[in-house]
Novice: 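Quick one: structure below, then a few questions.
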Amino acid sequence: MRLRIFLTIFAIAALFATANSQIVFTENFDYTAGDSIGAHGWVPNTGSTNNIMVVSPGLTYTGYPLSNIGNACRLRNNGIDGYKPFSGDSVSSASIYASFMVQVDSAKAAGDYFFAFLPATSTSLYSARVYAKDSAGTISFGLSKSSASGGPIVYGANGFAYGTTYLLVVKYTFNTGSTTDDEMKLYVFTSPNLPSTEPTTAYVGPVTGTATDVNSIGRMAVRQGSASNAPTLNIDGIRGARTWAGITTSIIRNEITAKNFELSQNYPNPFNPVTNIRFALPTNGFANLKVYDILGNEVNTLVNAQMNQGVYTVNMNGAKLSSGTYMCKLTFKSVNGTIYNDIMKMTLLK
């Protein structure tokens with residue numbers, strides 16, 4: 001009997017960990033404009049002038065879950081750097097993604113990095129460094145594993161405009177073949193493009209280098225660089241997740257106890273292009289939430305994971321879909337083996 005109770009508790013704990021471990025970091029800079037980010041959990045690192053400040057307004061990007069929430073963060077071309085720890089454990093296997101909105105006001109031809117990952121115990125091992133430089137009057141974004149001496153700085157094609165908000169996603173993959181084979185990729189998107197699945201081809205990467213791989217990643221870092229190289233920009237809506245879906249889909253667990261299985265009508269409906277889908281799970285189990293067109297073709301997978309009992313709201317972006325009627329299907333298998341299904345119709349009007 002004790003063994004059975006122990007196994008039940010262990011299983012519930014495992015389900016809770018799985019359901020809540022996909023998103024490891026969220027920063028919307030939802031603070032008063034004029035505050036230093038150092039007053040809100042960011043730790044000042046190198047430099048002694050020009051604190052990193054919160055500025056208004058925040059950035060917007062169609063369909064991105066962290067769009068238009070709070071304010072933004074201003075990075076100048078010199079001054080104090082900062083980092084903030086993940087909300088949970090560090091990531092040391094598979095992959096870690098970071099997504100953020102960025103609007104560049106000026107950049108230098110030499111280029112410099114303004115964003116990176118850090119291990120939880122280091123203030124100097126900046127990994128997956130993201131760069132911006134001026135190229136023929138437009139912006140090119142770049143990526144390196146670490147410092148230039150530890151591998152190349154690889155820039156993608158130019159053509160990105162100043163004063164425009166772009167969505168960047170950087171991916172760090174832990175490989176196990178050697179101590180120098182971890183890989184990085186950088187994706188750059190223009191609103192309202194936000195793929196629900198990871199694209200096959202990255203804007204930059206995979207990028208490797210000769211620098212020794214970090215053992216884990218547990219902090220996000222922003223950097224103001226040097227006046228001769230660094231860009232000036234606003235950054236906002238930083239999210240860290242273990243999966244691509246974790247950065248592109250917003251799954252919010254409401255503080256409500258679910259007594260019955262239910263898939264509610266999306267709101268708003270009709271919608272263009274973003275809507276919210278609410279569902280209730282009466283027990284722990286595995287949930288799958290998919291969207292189909294009127295012909296029965298699958299167009300999006302919003303949830304496919306172990307989840308705890310509760311009420312959830314999922315944000316869906318239909319920017320890449322055509323106007324029309326879509327069917328949203330929720331399938332749930334509870335821990336006791338019971339299977340539930342429900343279907344809801346929704347309308348996209350552009």
Side-chain angles (χ1 to χ4, degrees), residues 24-47 50-62 64-86 96-108 111-118 126-134 139-143 160-172 186-191 194 203-204 219-226 229-241 247-248:
V24 298
F25 185 93
T26 301
E27 178 58 271
N28 292 307
F29 300 105
D30 195 7
Y31 318 120
T32 303
D35 282 2
S36 164
I37 65 170
H40 300 284
W42 289 83
V43 181
N45 193 9
T46 56
N50 290 340
N51 283 321
I52 302 174
M53 307 300 291
V54 177
V55 296
S56 178
L59 300 182
T60 61
Y61 187 100
T62 301
Y64 182 51
L66 273 60
S67 172
N68 198 28
I69 302 174
N71 288 310
C73 163
R74 182 69 170 174
L75 300 181
R76 290 173 280 187
N77 64 3
N78 67 91
I80 293 173
D81 305 331
Y83 65 83
K84 189 173 186 178
F86 288 179
I96 172 71
Y97 297 81
S99 56
F100 51 86
M101 297 172 286
V102 64
Q103 185 180 94
V104 181
D105 293 330
S106 65
K108 308 293 185 179
D112 205 350
Y113 72 97
F114 60 91
F115 178 89
F117 292 123
L118 273 173
Y126 293 99
S127 299
R129 304 180 184 196
V130 180
Y131 297 73
K133 73 172 183 178
D134 183 88
I139 305 163
S140 294
F141 294 103
L143 184 67
F160 295 100
Y162 290 102
T164 298
T165 298
Y166 298 102
L167 179 67
L168 275 61
V169 181
V170 59
K171 176 185 181 183
Y172 187 106
L186 177 65
Y187 302 85
V188 181
F189 302 111
T190 301
S191 183
L194 182 58
Y203 168 73
V204 172
R219 294 168 173 169
M220 299 290 187
V222 290
R223 183 174 180 270
Q224 300 195 105
S226 61
N229 298 333
T232 300
L233 55 86
N234 288 355
I235 187 171
D236 189 17
I238 305 173
R239 171 174 279 182
I247 54 127
T248 60

Novice: Just wondering, do Arg239 and Pro65 contact through their side chains at under 4.5 Å, heavy atoms?
Specialist: yes

Novice: Does Tyr126 reach the side chain of Leu118, with side-chain heavy atoms less than 4.5 Å apart?
Specialist: yes

Novice: Using atom types as modelled and distance alone, determine if a side-chain donor or acceptor of Tyr97 lies under 3.5 Å from a backbone N or O of Ala241.
Specialist: no

Novice: Quick one: closest heavy-atom pair of Val55 and Asn71, and the distance?
Specialist: O-CB, 3.0 Å

Novice: What are the two closest heavy atoms between Tyr172 and Ala128, and how far apart are they?
Specialist: CD1-CB, 4.2 Å

Novice: Kindly give the heavy-atom pair with the smallest separation between Phe25 and Lys84, and that separation in Å.
Specialist: CE1-O, 3.6 Å

Novice: Are side-chain heavy atoms of Arg129 and Phe117 found at a separation under 4.5 Å?
Specialist: no

Novice: Tell me if a side-chain donor or acceptor on Asn78 pairs with a main-chain N or O of Ser226 at a distance below 3.5 Å.
Specialist: no

Novice: Taking all non-hydrogen atoms of both residues into account, name the closest pair between Ala230 and Asn77 and its distance.
Specialist: O-CB, 3.3 Å

Novice: Starting at OG1 of Thr32, measure out to NE2 of His40 and round the result to the nearest 0.5 Å.
Specialist: 6.5 Å

Novice: Decide, yes or no, whether a salt bridge links Arg223 with Asp112 under the criterion of side-chain N to carboxylate O below 4.0 Å.
Specialist: yes

Novice: Examine distances only and state if a side-chain atom of Tyr61 and a backbone atom of Thr190 form a donor-acceptor pair shorter than 3.5 Å.
Specialist: yes

Novice: To the nearest 0.5 angstrom, please state how far the OG1 atom of Thr62 sits from the CG atom of Asn68.
Specialist: 10.0 Å

Novice: List the atom of Met220, the atom of Ala98, and the distance in Å for their closest heavy-atom pair.
Specialist: CE-CB, 3.7 Å

Novice: Starting at CG of Leu66, measure out to CG of Leu167 and round the result to the nearest 0.5 Å.
Specialist: 10.0 Å

Novice: Side-chain donor-acceptor pair under 3.5 Å between Tyr64 and Ser99, yes or no?
Specialist: yes

Novice: How many angstroms lie between atom OG1 of Thr232 and atom CD of Gln224, to the nearest 0.5 angstrom?
Specialist: 8.5 Å

Novice: Do Thr165 and Thr60 come within less than 4.5 Å of each other through their side chains, counting heavy atoms only?
Specialist: no

Novice: Side chains of Leu75 and Ile235, heavy atoms from C-beta outward: is any pair under 4.5 Å?
Specialist: yes

Novice: Working to the nearest 0.5 Å, report the span between CG of Asn50 and OG of Ser36.
Specialist: 11.5 Å

Novice: If we only count heavy atoms from C-beta on, is the Ile52 to Val222 side-chain gap below 4.5 Å?
Specialist: yes

Novice: With sequence neighbours left out, what residues match Thr26 under side-chain hydrogen bond (donor to acceptor under 3.5 Å, both in side chains)?
Specialist: none

Novice: Of all heavy-atom pairs between Gly41 and Pro85, which one has the smallest distance, and what is that distance?
Specialist: O-CD, 4.1 Å

Novice: Residues in side-chain hydrogen bond (donor to acceptor under 3.5 Å, both in side chains) with Arg74, at least two apart?
Specialist: Asp105, Asn234

Novice: Determine whether the aromatic ring centres of Tyr131 and Tyr113 lie less than 6.0 Å apart.
Specialist: yes

Novice: Do Phe114 and Val102 have side chains that approach each other closer than 4.5 Å (heavy atoms only, starting at C-beta)?
Specialist: yes

Novice: Supply the atom-to-atom distance Phe115 CZ to Leu143 CG, rounded to the nearest 0.5 angstrom.
Specialist: 11.0 Å

Novice: Are Tyr166 and Phe189 close enough that their ring centers fall under 6.0 Å?
Specialist: no

Novice: I'd like to check Val169 versus Phe100 (side-chain heavy atoms, cut-off strictly below 4.5 Å). Are they in contact?
Specialist: no

